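Notes follow the structure.
The figures here come from the full heavy-atom set of this structure, side chains too, leaving out hydrogens, waters and symmetry mates. As the structure is a computational prediction, the values presented were derived from the model and not from experiment. Each chain gets a letter, A, B and so on, in the order its sequence line appears, and its residues count up from 1.
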There are 2 protein chains.
Amino acid sequence: MAPQIRSNTANISDDIRDPRVRILSAAGQEFAERGYEAATVRDICTAAGVNLAAVNYYFGDKQRLYIESVKHAHEERIRQVPQPDWPSGTPAAEKLLGFVGNTLDRMLGTGQPPWQVRLMMREVLHPTEACRELVEDYIRPHFELLVSILDELAGGTLPGSELRRVALSIMGQCFLYRAAGDVVAMLVPADEIEACHTPRPIADHVTRFALAALGAGEPLARPGRRAAPAKESHR
Amino acid sequence: MAPQIRSNTANISDDIRDPRVRILSAAGQEFAERGYEAATVRDICTAAGVNLAAVNYYFGDKQRLYIESVKHAHEERIRQVPQPDWPSGTPAAEKLLGFVGNTLDRMLGTGQPPWQVRLMMREVLHPTEACRELVEDYIRPHFELLVSILDELAGGTLPGSELRRVALSIMGQCFLYRAAGDVVAMLVPADEIEACHTPRPIADHVTRFALAALGAGEPLARPGRRAAPAKESHR
DNA sequence: AATCGATTGAAACAGTTGTTTGATTTCCGC
DNA sequence: GCGGAAATCAAACAACTGTTTCAATCGATT
(Lines give C-alpha, C1' and ligand atoms only; values in the text may rest on other atoms or scores of the structure.)
Protein backbone atom coordinates (compact mmCIF):
# COMPACT_ATOMS: atom_id res chain seq x y z
CA MET A 1 0.00 0.00 0.00
CA ALA A 2 2.39 2.65 1.22
CA PRO A 3 5.20 3.36 -1.22
CA GLN A 4 8.54 1.84 -0.39
CA ILE A 5 11.15 4.25 0.89
CA ARG A 6 14.11 4.66 -1.42
CA SER A 7 17.61 5.13 -0.20
CA ASN A 8 18.94 8.64 -0.64
CA THR A 9 22.19 7.27 -1.98
CA ALA A 10 20.73 5.58 -5.03
CA ASN A 11 22.95 6.24 -8.01
CA ILE A 12 21.96 8.35 -10.97
CA SER A 13 21.16 5.58 -13.43
CA ASP A 14 18.62 4.37 -10.90
CA ASP A 15 17.20 7.86 -10.56
CA ILE A 16 16.20 8.00 -14.20
CA ARG A 17 14.10 4.87 -13.80
CA ASP A 18 12.74 5.74 -10.35
CA PRO A 19 9.24 7.11 -10.97
CA ARG A 20 9.59 9.20 -7.83
CA VAL A 21 12.38 11.34 -9.21
CA ARG A 22 10.85 11.33 -12.66
CA ILE A 23 7.75 12.89 -11.15
CA LEU A 24 9.81 15.33 -9.08
CA SER A 25 11.70 16.45 -12.15
CA ALA A 26 8.64 16.83 -14.32
CA ALA A 27 6.78 18.60 -11.52
CA GLY A 28 9.66 21.03 -10.97
CA GLN A 29 9.67 21.99 -14.63
CA GLU A 30 5.92 22.43 -14.79
CA PHE A 31 5.77 24.43 -11.56
CA ALA A 32 8.69 26.57 -12.69
CA GLU A 33 7.10 27.25 -16.05
CA ARG A 34 3.46 27.82 -15.12
CA GLY A 35 3.33 28.35 -11.37
CA TYR A 36 1.60 26.25 -8.74
CA GLU A 37 -2.01 26.91 -9.66
CA ALA A 38 -1.67 26.72 -13.42
CA ALA A 39 0.39 23.53 -13.42
CA THR A 40 -1.80 20.43 -13.46
CA VAL A 41 -0.97 17.02 -12.05
CA ARG A 42 -2.20 15.55 -15.32
CA ASP A 43 0.41 17.41 -17.34
CA ILE A 44 3.05 16.52 -14.79
CA CYS A 45 2.21 12.83 -14.96
CA THR A 46 2.13 12.87 -18.73
CA ALA A 47 5.53 14.55 -18.86
CA ALA A 48 6.90 12.05 -16.34
CA GLY A 49 5.39 9.15 -18.22
CA VAL A 50 3.54 7.81 -15.19
CA ASN A 51 -0.07 7.21 -14.32
CA LEU A 52 -2.21 9.99 -12.91
CA ALA A 53 -2.59 8.20 -9.61
CA ALA A 54 1.16 8.00 -9.08
CA VAL A 55 1.32 11.54 -7.69
CA ASN A 56 -1.08 10.71 -4.89
CA TYR A 57 0.54 7.34 -4.39
CA TYR A 58 4.02 8.75 -3.89
CA PHE A 59 3.39 12.21 -2.51
CA GLY A 60 -0.13 12.26 -1.11
CA ASP A 61 -1.31 15.40 -2.84
CA LYS A 62 -0.30 18.22 -5.12
CA GLN A 63 0.89 20.52 -2.36
CA ARG A 64 3.30 18.02 -0.86
CA LEU A 65 4.55 17.25 -4.37
CA TYR A 66 5.27 20.94 -4.81
CA ILE A 67 7.21 21.20 -1.58
CA GLU A 68 9.23 18.09 -2.39
CA SER A 69 9.96 19.34 -5.88
CA VAL A 70 11.33 22.63 -4.55
CA LYS A 71 13.52 20.69 -2.15
CA HIS A 72 14.67 18.41 -4.94
CA ALA A 73 15.42 21.36 -7.21
CA HIS A 74 17.67 23.14 -4.78
CA GLU A 75 19.49 19.97 -3.77
CA GLU A 76 20.19 19.35 -7.44
CA ARG A 77 21.29 22.94 -7.93
CA ILE A 78 23.71 22.76 -5.02
CA ARG A 79 25.28 19.70 -6.61
CA GLN A 80 25.51 21.46 -9.97
CA VAL A 81 27.03 24.75 -8.83
CA PRO A 82 29.31 24.28 -5.83
CA GLN A 83 30.29 27.17 -3.63
CA PRO A 84 33.37 28.93 -5.01
CA ASP A 85 36.56 28.47 -3.03
CA TRP A 86 39.75 30.48 -3.26
CA PRO A 87 43.27 29.71 -2.09
CA SER A 88 44.07 31.68 1.04
CA GLY A 89 45.81 34.88 0.14
CA THR A 90 43.56 35.65 -2.79
CA PRO A 91 42.86 39.40 -2.79
CA ALA A 92 39.39 40.19 -1.51
CA ALA A 93 38.61 42.27 -4.58
CA GLU A 94 39.28 39.27 -6.78
CA LYS A 95 37.05 37.14 -4.58
CA LEU A 96 34.28 39.67 -4.91
CA LEU A 97 34.46 39.62 -8.69
CA GLY A 98 34.44 35.83 -8.63
CA PHE A 99 31.52 35.77 -6.25
CA VAL A 100 29.39 38.16 -8.28
CA GLY A 101 30.21 36.33 -11.48
CA ASN A 102 29.29 33.04 -9.88
CA THR A 103 26.03 34.48 -8.54
CA LEU A 104 25.05 35.79 -11.93
CA ASP A 105 25.97 32.51 -13.59
CA ARG A 106 23.74 30.75 -11.10
CA MET A 107 20.88 33.13 -11.60
CA LEU A 108 21.06 33.75 -15.32
CA GLY A 109 22.91 30.70 -16.53
CA THR A 110 24.91 30.81 -19.71
CA GLY A 111 21.82 30.55 -21.86
CA GLN A 112 18.29 29.90 -20.65
CA PRO A 113 18.30 29.65 -16.86
CA PRO A 114 17.61 26.10 -15.71
CA TRP A 115 14.19 25.32 -14.38
CA GLN A 116 15.62 24.70 -10.93
CA VAL A 117 16.54 28.37 -10.64
CA ARG A 118 13.21 29.58 -11.97
CA LEU A 119 11.39 27.39 -9.47
CA MET A 120 13.50 28.67 -6.59
CA MET A 121 12.89 32.20 -7.77
CA ARG A 122 9.14 31.65 -7.60
CA GLU A 123 9.60 30.53 -4.05
CA VAL A 124 11.57 33.65 -3.20
CA LEU A 125 8.98 35.93 -4.77
CA HIS A 126 5.94 34.21 -3.28
CA PRO A 127 7.15 32.16 -0.34
CA THR A 128 5.35 29.03 0.81
CA GLU A 129 6.31 26.36 3.32
CA ALA A 130 9.27 25.33 1.21
CA CYS A 131 10.94 28.72 1.46
CA ARG A 132 12.55 28.55 4.88
CA GLU A 133 14.55 25.45 4.04
CA LEU A 134 15.56 26.97 0.74
CA VAL A 135 16.87 30.05 2.48
CA GLU A 136 18.80 28.19 5.16
CA ASP A 137 20.37 25.57 2.87
CA TYR A 138 20.94 27.50 -0.30
CA ILE A 139 20.67 31.25 0.06
CA ARG A 140 22.11 31.94 3.50
CA PRO A 141 25.44 30.17 2.92
CA HIS A 142 25.94 32.28 -0.17
CA PHE A 143 24.90 35.42 1.60
CA GLU A 144 27.26 34.79 4.50
CA LEU A 145 30.12 34.14 2.10
CA LEU A 146 29.49 37.52 0.52
CA VAL A 147 29.40 39.18 3.93
CA SER A 148 32.76 37.64 4.83
CA ILE A 149 34.31 38.87 1.58
CA LEU A 150 33.00 42.35 2.26
CA ASP A 151 34.31 42.24 5.80
CA GLU A 152 37.74 41.38 4.49
CA LEU A 153 37.42 44.12 1.89
CA ALA A 154 36.57 46.72 4.49
CA GLY A 155 39.42 45.58 6.69
CA GLY A 156 37.06 44.83 9.53
CA THR A 157 36.10 48.47 9.86
CA LEU A 158 32.39 48.05 9.22
CA PRO A 159 29.82 46.70 11.68
CA GLY A 160 27.85 43.56 10.77
CA SER A 161 24.67 45.46 10.11
CA GLU A 162 26.42 47.68 7.59
CA LEU A 163 28.10 44.70 5.94
CA ARG A 164 24.73 43.03 5.52
CA ARG A 165 23.26 46.15 3.98
CA VAL A 166 26.07 46.31 1.45
CA ALA A 167 25.67 42.59 0.77
CA LEU A 168 21.98 43.12 0.08
CA SER A 169 22.86 46.02 -2.20
CA ILE A 170 25.03 43.69 -4.27
CA MET A 171 22.55 40.83 -4.27
CA GLY A 172 19.81 43.25 -5.26
CA GLN A 173 21.65 44.26 -8.39
CA CYS A 174 22.03 40.64 -9.48
CA PHE A 175 18.48 39.87 -8.46
CA LEU A 176 17.03 42.59 -10.67
CA TYR A 177 18.34 40.99 -13.84
CA ARG A 178 16.95 37.60 -12.88
CA ALA A 179 13.56 38.63 -11.60
CA ALA A 180 12.83 41.62 -13.82
CA GLY A 181 14.95 40.82 -16.84
CA ASP A 182 12.07 41.35 -19.23
CA VAL A 183 11.46 44.85 -17.97
CA VAL A 184 15.17 45.65 -18.09
CA ALA A 185 15.13 44.56 -21.72
CA MET A 186 12.31 46.99 -22.40
CA LEU A 187 14.07 49.89 -20.68
CA VAL A 188 17.42 49.57 -22.39
CA PRO A 189 18.11 49.66 -26.15
CA ALA A 190 18.41 46.19 -27.64
CA ASP A 191 22.01 46.51 -28.80
CA GLU A 192 23.04 47.77 -25.39
CA ILE A 193 21.47 44.72 -23.77
CA GLU A 194 23.68 42.43 -25.78
CA ALA A 195 26.78 44.49 -25.15
CA CYS A 196 26.46 45.56 -21.52
CA HIS A 197 23.84 43.43 -19.84
CA THR A 198 25.17 39.90 -20.15
CA PRO A 199 26.55 38.11 -17.09
CA ARG A 200 30.22 39.01 -17.52
CA PRO A 201 29.84 42.76 -18.09
CA ILE A 202 27.24 42.96 -15.34
CA ALA A 203 29.61 41.24 -12.93
CA ASP A 204 32.35 43.70 -13.83
CA HIS A 205 30.05 46.63 -13.30
CA VAL A 206 28.56 45.45 -10.01
CA THR A 207 32.02 44.72 -8.65
CA ARG A 208 33.48 48.06 -9.71
CA PHE A 209 30.43 49.78 -8.26
CA ALA A 210 30.80 48.07 -4.91
CA LEU A 211 34.57 48.46 -4.70
CA ALA A 212 34.29 52.15 -5.44
CA ALA A 213 31.57 52.60 -2.85
CA LEU A 214 33.73 50.88 -0.24
CA GLY A 215 36.71 53.04 -1.12
CA ALA A 216 38.63 50.03 -2.40
CA GLY A 217 38.57 51.06 -6.04
CA GLU A 218 38.43 54.03 -8.35
CA PRO A 219 35.12 55.93 -8.44
CA LEU A 220 33.10 55.40 -11.61
CA ALA A 221 33.02 59.12 -12.35
CA ARG A 222 34.96 62.23 -11.49
CA PRO A 223 32.42 64.98 -11.31
CA GLY A 224 34.18 68.08 -12.54
CA ARG A 225 34.62 70.07 -9.38
CA ARG A 226 34.65 68.28 -6.12
CA ALA A 227 30.94 68.05 -5.59
CA ALA A 228 29.73 69.69 -2.46
CA PRO A 229 29.95 66.80 -0.02
CA ALA A 230 26.36 65.87 -0.35
CA LYS A 231 25.13 66.76 3.04
CA GLU A 232 23.40 63.75 4.49
CA SER A 233 19.66 63.66 4.63
CA HIS A 234 18.25 66.80 6.14
CA ARG A 235 14.93 65.50 7.18
CA MET B 1 -26.84 44.73 -25.49
CA ALA B 2 -23.35 46.15 -25.59
CA PRO B 3 -22.35 48.00 -22.42
CA GLN B 4 -22.50 51.76 -22.66
CA ILE B 5 -19.19 53.52 -22.86
CA ARG B 6 -18.53 55.76 -19.88
CA SER B 7 -16.72 59.01 -20.16
CA ASN B 8 -13.21 58.96 -18.75
CA THR B 9 -13.82 62.21 -16.99
CA ALA B 10 -16.59 60.94 -14.75
CA ASN B 11 -16.05 62.24 -11.26
CA ILE B 12 -15.10 60.11 -8.31
CA SER B 13 -18.48 59.92 -6.62
CA ASP B 14 -19.74 58.41 -9.87
CA ASP B 15 -16.89 55.92 -9.91
CA ILE B 16 -17.96 54.36 -6.65
CA ARG B 17 -21.36 53.60 -8.12
CA ASP B 18 -20.15 52.61 -11.56
CA PRO B 19 -20.09 48.80 -11.57
CA ARG B 20 -17.30 48.90 -14.13
CA VAL B 21 -14.82 50.52 -11.76
CA ARG B 22 -16.15 48.54 -8.82
CA ILE B 23 -15.27 45.38 -10.73
CA LEU B 24 -11.89 46.78 -11.80
CA SER B 25 -11.03 47.64 -8.23
CA ALA B 26 -12.14 44.32 -6.79
CA ALA B 27 -10.40 42.43 -9.59
CA GLY B 28 -7.16 44.32 -9.02
CA GLN B 29 -7.16 43.44 -5.35
CA GLU B 30 -7.95 39.78 -5.98
CA PHE B 31 -5.36 39.47 -8.76
CA ALA B 32 -2.77 41.24 -6.62
CA GLU B 33 -3.46 38.99 -3.66
CA ARG B 34 -3.83 35.58 -5.30
CA GLY B 35 -2.46 35.88 -8.82
CA TYR B 36 -4.26 35.45 -12.10
CA GLU B 37 -5.00 31.73 -11.95
CA ALA B 38 -5.99 31.52 -8.31
CA ALA B 39 -8.27 34.53 -8.40
CA THR B 40 -11.82 33.60 -9.40
CA VAL B 41 -14.37 35.77 -11.15
CA ARG B 42 -16.88 34.61 -8.59
CA ASP B 43 -14.86 36.06 -5.72
CA ILE B 44 -14.26 39.22 -7.71
CA CYS B 45 -17.95 39.69 -8.39
CA THR B 46 -18.87 39.01 -4.80
CA ALA B 47 -16.32 41.54 -3.58
CA ALA B 48 -17.57 44.06 -6.12
CA GLY B 49 -21.18 43.38 -5.18
CA VAL B 50 -22.24 42.63 -8.73
CA ASN B 51 -23.68 39.65 -10.50
CA LEU B 52 -21.42 36.94 -11.87
CA ALA B 53 -22.38 37.72 -15.45
CA ALA B 54 -21.27 41.33 -15.10
CA VAL B 55 -17.63 40.48 -15.78
CA ASN B 56 -18.45 39.02 -19.15
CA TYR B 57 -20.94 41.75 -19.85
CA TYR B 58 -18.46 44.57 -19.27
CA PHE B 59 -15.11 42.99 -20.13
CA GLY B 60 -15.79 39.95 -22.27
CA ASP B 61 -13.69 37.49 -20.35
CA LYS B 62 -11.32 37.07 -17.43
CA GLN B 63 -8.18 37.80 -19.39
CA ARG B 64 -9.38 41.14 -20.70
CA LEU B 65 -10.56 42.00 -17.20
CA TYR B 66 -7.05 41.31 -15.94
CA ILE B 67 -5.43 43.53 -18.54
CA GLU B 68 -7.88 46.33 -17.84
CA SER B 69 -7.36 46.01 -14.09
CA VAL B 70 -3.60 46.35 -14.48
CA LYS B 71 -4.12 49.43 -16.59
CA HIS B 72 -6.56 50.83 -14.07
CA ALA B 73 -4.18 50.12 -11.20
CA HIS B 74 -1.25 51.99 -12.66
CA GLU B 75 -3.38 54.92 -13.78
CA GLU B 76 -4.66 55.20 -10.22
CA ARG B 77 -1.13 54.89 -8.86
CA ILE B 78 0.17 57.65 -11.09
CA ARG B 79 -2.55 59.90 -9.77
CA GLN B 80 -1.69 58.96 -6.18
CA VAL B 81 2.08 59.41 -6.31
CA PRO B 82 3.12 62.17 -8.69
CA GLN B 83 6.61 62.46 -10.05
CA PRO B 84 8.85 64.37 -7.64
CA ASP B 85 9.86 67.81 -8.81
CA TRP B 86 12.63 70.00 -7.47
CA PRO B 87 13.28 73.71 -7.88
CA SER B 88 16.13 74.28 -10.34
CA GLY B 89 19.39 74.61 -8.50
CA THR B 90 18.68 71.77 -6.12
CA PRO B 91 21.92 69.79 -5.64
CA ALA B 92 21.88 66.54 -7.57
CA ALA B 93 22.82 64.57 -4.46
CA GLU B 94 19.75 65.87 -2.71
CA LYS B 95 17.63 64.95 -5.70
CA LEU B 96 19.04 61.45 -5.62
CA LEU B 97 18.14 60.98 -1.99
CA GLY B 98 14.68 62.30 -2.70
CA PHE B 99 14.29 60.04 -5.68
CA VAL B 100 15.35 56.91 -3.84
CA GLY B 101 13.16 57.76 -0.89
CA ASN B 102 10.22 58.34 -3.20
CA THR B 103 10.86 55.08 -5.03
CA LEU B 104 10.96 53.12 -1.79
CA ASP B 105 7.84 54.84 -0.57
CA ARG B 106 6.11 53.84 -3.77
CA MET B 107 7.31 50.27 -3.56
CA LEU B 108 7.04 49.60 0.14
CA GLY B 109 4.51 52.17 1.18
CA THR B 110 4.45 53.47 4.70
CA GLY B 111 2.67 50.39 5.95
CA GLN B 112 1.28 47.58 3.82
CA PRO B 113 1.99 48.34 0.18
CA PRO B 114 -1.19 49.15 -1.70
CA TRP B 115 -2.65 46.46 -3.93
CA GLN B 116 -1.93 48.55 -7.00
CA VAL B 117 1.79 48.17 -6.39
CA ARG B 118 1.56 44.47 -5.70
CA LEU B 119 -0.39 43.95 -8.91
CA MET B 120 2.13 45.91 -10.92
CA MET B 121 4.92 43.92 -9.31
CA ARG B 122 3.30 40.69 -10.46
CA GLU B 123 3.26 42.08 -13.95
CA VAL B 124 6.96 42.95 -13.75
CA LEU B 125 7.88 39.50 -12.46
CA HIS B 126 5.72 37.55 -14.88
CA PRO B 127 4.94 39.87 -17.78
CA THR B 128 1.78 39.49 -19.84
CA GLU B 129 0.25 41.70 -22.50
CA ALA B 130 -0.33 44.45 -19.99
CA CYS B 131 3.36 44.86 -19.22
CA ARG B 132 4.54 46.96 -22.14
CA GLU B 133 2.10 49.75 -21.41
CA LEU B 134 2.98 49.62 -17.74
CA VAL B 135 6.66 50.05 -18.54
CA GLU B 136 6.19 52.91 -20.96
CA ASP B 137 3.70 54.88 -18.87
CA TYR B 138 4.88 54.21 -15.36
CA ILE B 139 8.34 52.71 -15.11
CA ARG B 140 10.25 54.37 -17.93
CA PRO B 141 9.50 57.96 -16.87
CA HIS B 142 10.84 57.17 -13.44
CA PHE B 143 13.84 55.40 -14.82
CA GLU B 144 14.70 58.28 -17.14
CA LEU B 145 14.38 60.74 -14.28
CA LEU B 146 16.92 58.72 -12.33
CA VAL B 147 19.24 58.62 -15.31
CA SER B 148 19.08 62.40 -15.64
CA ILE B 149 19.89 62.86 -11.96
CA LEU B 150 22.86 60.55 -12.31
CA ASP B 151 24.01 62.40 -15.40
CA GLU B 152 23.95 65.63 -13.48
CA LEU B 153 25.75 63.95 -10.61
CA ALA B 154 28.52 62.67 -12.85
CA GLY B 155 28.89 66.07 -14.44
CA GLY B 156 28.17 64.63 -17.86
CA THR B 157 31.32 62.52 -17.77
CA LEU B 158 29.60 59.15 -18.12
CA PRO B 159 28.14 57.69 -21.34
CA GLY B 160 24.46 56.83 -21.47
CA SER B 161 25.05 53.11 -21.28
CA GLU B 162 27.01 53.52 -18.06
CA LEU B 163 24.40 55.83 -16.60
CA ARG B 164 21.71 53.24 -17.31
CA ARG B 165 23.77 50.55 -15.65
CA VAL B 166 24.17 52.65 -12.53
CA ALA B 167 20.46 53.46 -12.62
CA LEU B 168 19.65 49.76 -12.75
CA SER B 169 22.02 49.18 -9.86
CA ILE B 170 20.06 51.63 -7.77
CA MET B 171 16.67 50.34 -8.85
CA GLY B 172 17.84 46.79 -8.14
CA GLN B 173 18.57 47.62 -4.54
CA CYS B 174 15.09 49.05 -4.03
CA PHE B 175 13.54 46.23 -6.00
CA LEU B 176 15.06 43.56 -3.76
CA TYR B 177 13.22 44.79 -0.70
CA ARG B 178 9.90 44.87 -2.53
CA ALA B 179 10.12 41.58 -4.39
CA ALA B 180 12.13 39.49 -1.94
CA GLY B 181 11.32 41.21 1.32
CA ASP B 182 10.34 37.98 3.01
CA VAL B 183 13.69 36.39 2.25
CA VAL B 184 15.54 39.50 3.41
CA ALA B 185 13.65 39.24 6.66
CA MET B 186 14.87 35.67 7.04
CA LEU B 187 18.49 36.57 6.33
CA VAL B 188 18.79 39.47 8.71
CA PRO B 189 18.18 39.45 12.49
CA ALA B 190 14.72 40.67 13.38
CA ASP B 191 15.82 43.67 15.43
CA GLU B 192 18.12 44.77 12.64
CA ILE B 193 15.23 44.68 10.17
CA GLU B 194 13.31 47.16 12.26
CA ALA B 195 16.31 49.41 12.75
CA CYS B 196 18.07 49.37 9.38
CA HIS B 197 15.71 47.97 6.78
CA THR B 198 12.80 50.36 6.78
CA PRO B 199 12.29 52.81 3.90
CA ARG B 200 14.14 55.80 5.34
CA PRO B 201 17.35 54.04 6.45
CA ILE B 202 17.42 52.05 3.22
CA ALA B 203 17.12 55.24 1.20
CA ASP B 204 20.02 56.76 3.15
CA HIS B 205 22.15 53.69 2.59
CA VAL B 206 21.38 53.30 -1.12
CA THR B 207 22.10 56.98 -1.71
CA ARG B 208 25.37 56.98 0.23
CA PHE B 209 26.37 53.81 -1.59
CA ALA B 210 25.72 55.31 -5.02
CA LEU B 211 27.27 58.69 -4.24
CA ALA B 212 30.42 57.02 -2.97
CA ALA B 213 30.62 54.79 -6.03
CA LEU B 214 30.31 57.82 -8.29
CA GLY B 215 33.00 59.67 -6.40
CA ALA B 216 30.51 62.26 -5.21
CA GLY B 217 30.56 61.24 -1.56
CA GLU B 218 32.70 59.69 1.13
CA PRO B 219 33.43 55.95 0.74
CA LEU B 220 31.59 53.72 3.19
CA ALA B 221 34.86 52.25 4.47
CA ARG B 222 38.55 53.06 4.47
CA PRO B 223 40.20 49.68 4.09
CA GLY B 224 43.87 49.55 4.94
CA ARG B 225 44.12 53.21 5.75
CA ARG B 226 42.92 54.64 8.98
CA ALA B 227 39.83 53.32 10.70
CA ALA B 228 36.48 54.00 9.20
CA PRO B 229 35.35 57.57 9.72
CA ALA B 230 32.03 56.25 10.99
CA LYS B 231 30.71 59.74 10.65
CA GLU B 232 27.05 59.94 11.50
CA SER B 233 26.46 56.31 10.62
CA HIS B 234 22.92 56.05 11.81
CA ARG B 235 20.98 58.00 14.23
C1' DA C 1 4.75 -22.34 -8.87
C1' DA C 2 2.37 -19.95 -5.16
C1' DT C 3 1.93 -16.04 -2.27
C1' DC C 4 1.61 -11.55 -0.82
C1' DG C 5 2.70 -6.84 -0.74
C1' DA C 6 4.23 -3.09 -3.76
C1' DT C 7 3.12 -0.78 -7.88
C1' DT C 8 0.48 0.55 -11.93
C1' DG C 9 -3.65 1.32 -14.60
C1' DA C 10 -8.26 2.98 -16.33
C1' DA C 11 -12.16 4.96 -14.84
C1' DA C 12 -15.00 7.56 -12.09
C1' DC C 13 -15.94 11.13 -8.50
C1' DA C 14 -17.05 15.45 -6.51
C1' DG C 15 -16.04 20.06 -6.69
C1' DT C 16 -14.78 24.34 -8.96
C1' DT C 17 -13.83 26.99 -12.89
C1' DG C 18 -14.96 30.49 -16.78
C1' DT C 19 -18.62 31.32 -19.63
C1' DT C 20 -23.40 31.51 -21.56
C1' DT C 21 -28.25 31.76 -21.58
C1' DG C 22 -32.67 33.82 -21.43
C1' DA C 23 -35.86 35.96 -18.64
C1' DT C 24 -36.48 40.08 -15.77
C1' DT C 25 -35.81 44.61 -14.12
C1' DT C 26 -34.16 49.32 -14.58
C1' DC C 27 -33.48 53.47 -16.94
C1' DC C 28 -34.50 57.32 -20.04
C1' DG C 29 -36.12 60.01 -24.07
C1' DC C 30 -40.45 60.53 -26.01
C1' DG D 1 -47.16 56.37 -19.21
C1' DC D 2 -44.75 53.83 -23.15
C1' DG D 3 -41.31 51.54 -25.71
C1' DG D 4 -37.01 49.85 -26.24
C1' DA D 5 -32.41 49.62 -25.16
C1' DA D 6 -29.28 48.85 -21.27
C1' DA D 7 -28.31 46.45 -17.27
C1' DT D 8 -29.10 42.81 -13.84
C1' DC D 9 -30.16 38.40 -12.24
C1' DA D 10 -30.55 33.34 -11.19
C1' DA D 11 -29.65 29.27 -13.27
C1' DA D 12 -27.37 26.16 -16.03
C1' DC D 13 -23.47 24.62 -18.97
C1' DA D 14 -19.39 22.30 -20.38
C1' DA D 15 -14.79 21.75 -19.35
C1' DC D 16 -11.33 20.92 -16.23
C1' DT D 17 -9.47 20.32 -11.58
C1' DG D 18 -7.35 17.27 -7.63
C1' DT D 19 -8.40 13.12 -5.68
C1' DT D 20 -10.15 8.34 -4.99
C1' DT D 21 -11.33 3.76 -6.14
C1' DC D 22 -10.43 -0.85 -7.07
C1' DA D 23 -9.00 -4.26 -10.16
C1' DA D 24 -4.84 -5.75 -12.82
C1' DT D 25 0.04 -6.39 -12.88
C1' DC D 26 4.58 -6.88 -11.25
C1' DG D 27 8.46 -8.81 -8.42
C1' DA D 28 10.68 -10.86 -4.93
C1' DT D 29 10.47 -14.54 -1.24
C1' DT D 30 9.00 -18.84 -0.04
Side-chain angles (χ1 to χ4, degrees), chain A residues 1-8 10 13-70 128-130, chain B residues 1-8 10 13-70 128-130:
Chain A
M1 283 289 176
Q4 227 172 2
I5 324 150
R6 308 267 178 154
S7 130
N8 279 348
S13 68
D14 272 354
D15 279 2
I16 307 177
R17 303 189 185 283
D18 184 358
R20 225 187 111 87
V21 322
R22 285 230 309 280
I23 296 174
L24 280 176
S25 179
Q29 299 181 53
E30 285 291 320
F31 286 137
E33 189 64 33
R34 309 187 199 283
Y36 179 80
E37 306 288 344
T40 73
V41 309
R42 274 176 177 80
D43 288 347
I44 290 170
C45 290
T46 303
V50 302
N51 186 270
L52 175 59
V55 157
N56 296 77
Y57 181 72
Y58 285 105
F59 299 96
D61 57 18
K62 185 186 183 182
Q63 188 160 214
R64 266 173 290 183
L65 169 60
Y66 174 79
I67 294 176
E68 288 299 316
S69 75
V70 171
T128 70
E129 276 186 56
Chain B
M1 283 284 179
Q4 226 172 3
I5 322 150
R6 305 269 179 152
S7 131
N8 278 348
S13 68
D14 272 352
D15 281 2
I16 307 176
R17 304 189 186 282
D18 184 358
R20 223 188 114 88
V21 322
R22 284 229 311 280
I23 295 174
L24 280 175
S25 179
Q29 298 182 55
E30 285 291 320
F31 286 137
E33 190 65 32
R34 308 188 201 282
Y36 180 79
E37 307 287 344
T40 74
V41 309
R42 272 177 178 79
D43 287 347
I44 290 169
C45 289
T46 302
V50 303
N51 185 269
L52 175 58
V55 158
N56 296 77
Y57 181 72
Y58 285 106
F59 299 97
D61 57 18
K62 186 186 183 183
Q63 187 158 216
R64 265 173 290 182
L65 169 61
Y66 174 80
I67 293 176
E68 289 299 316
S69 76
V70 172
T128 70
E129 276 186 57

ask   = To the nearest Å, how far apart are B:Tyr58 OH and C:dT19 P?
value = 17 Å

request  = Could you note down all residue pairs passing salt bridge (Lys or Arg N to Asp or Glu O under 4.0 Å) where residues 44-61 of chain B supplies at least one of them, sequence neighbours left out?
outcome  = B:Asp61-B:Arg64

query = Among all residues two or more places apart in sequence or in another chain, which pass the ring-ring contact (aromatic ring centres under 6.0 Å, His included) test with A:Phe59?
reply = none

request  = Rounded to the nearest angstrom, tell me the gap between atom CZ in A:Arg22 and atom C1' in C:dT7.
outcome  = 13 Å

query = Excluding sequence neighbours, so at least two apart, what forms side-chain contact (heavy atoms from CB on, under 4.5 Å) with B:Glu37?
reply = A:Glu37, A:Ala38

Listed pairs under 3.5 Å, donor-acceptor, residues 26-33 of chain A side chains, sequence neighbours left out:
from, atom 1, to, atom 2, distance (Å)
A:Gln29, NE2, A:Ser25, OG, 3.4
A:Glu30, OE1, A:Arg34, NE, 3.0
A:Glu33, OE1, A:Arg118, NH1, 2.9

query = How would nucleotides 15-21 of chain D be written as a contact map, 5' to 3', with B for base contact, S for sugar-phosphate-only contact and - for no contact, using protein heavy atoms under 4.0 Å?
reply = --BBBBB

inquiry  = In this structure, how many angstroms lie between the P atom of C:dT7 and the CZ atom of A:Phe59, rounded?
reply    = 12 Å

key: Heavy-atom donor-acceptor pair, A:Lys62 side chain to A:Val55 backbone, under 3.5 Å   = no

Side-chain polar contacts of residues 43-53 of chain B - donor-acceptor pairs under 3.5 angstrom, sequence neighbours left out - could you list them?
from, atom 1, to, atom 2, distance (Å)
B:Asp43, OD2, B:Thr40, OG1, 3.3
B:Thr46, OG1, B:Arg42, O, 2.9
B:Asn51, OD1, B:Ala53, N, 2.9

N or O in side chain of B:Tyr57 less than 4.0 angstrom from C:dT19 OP1/OP2 = no

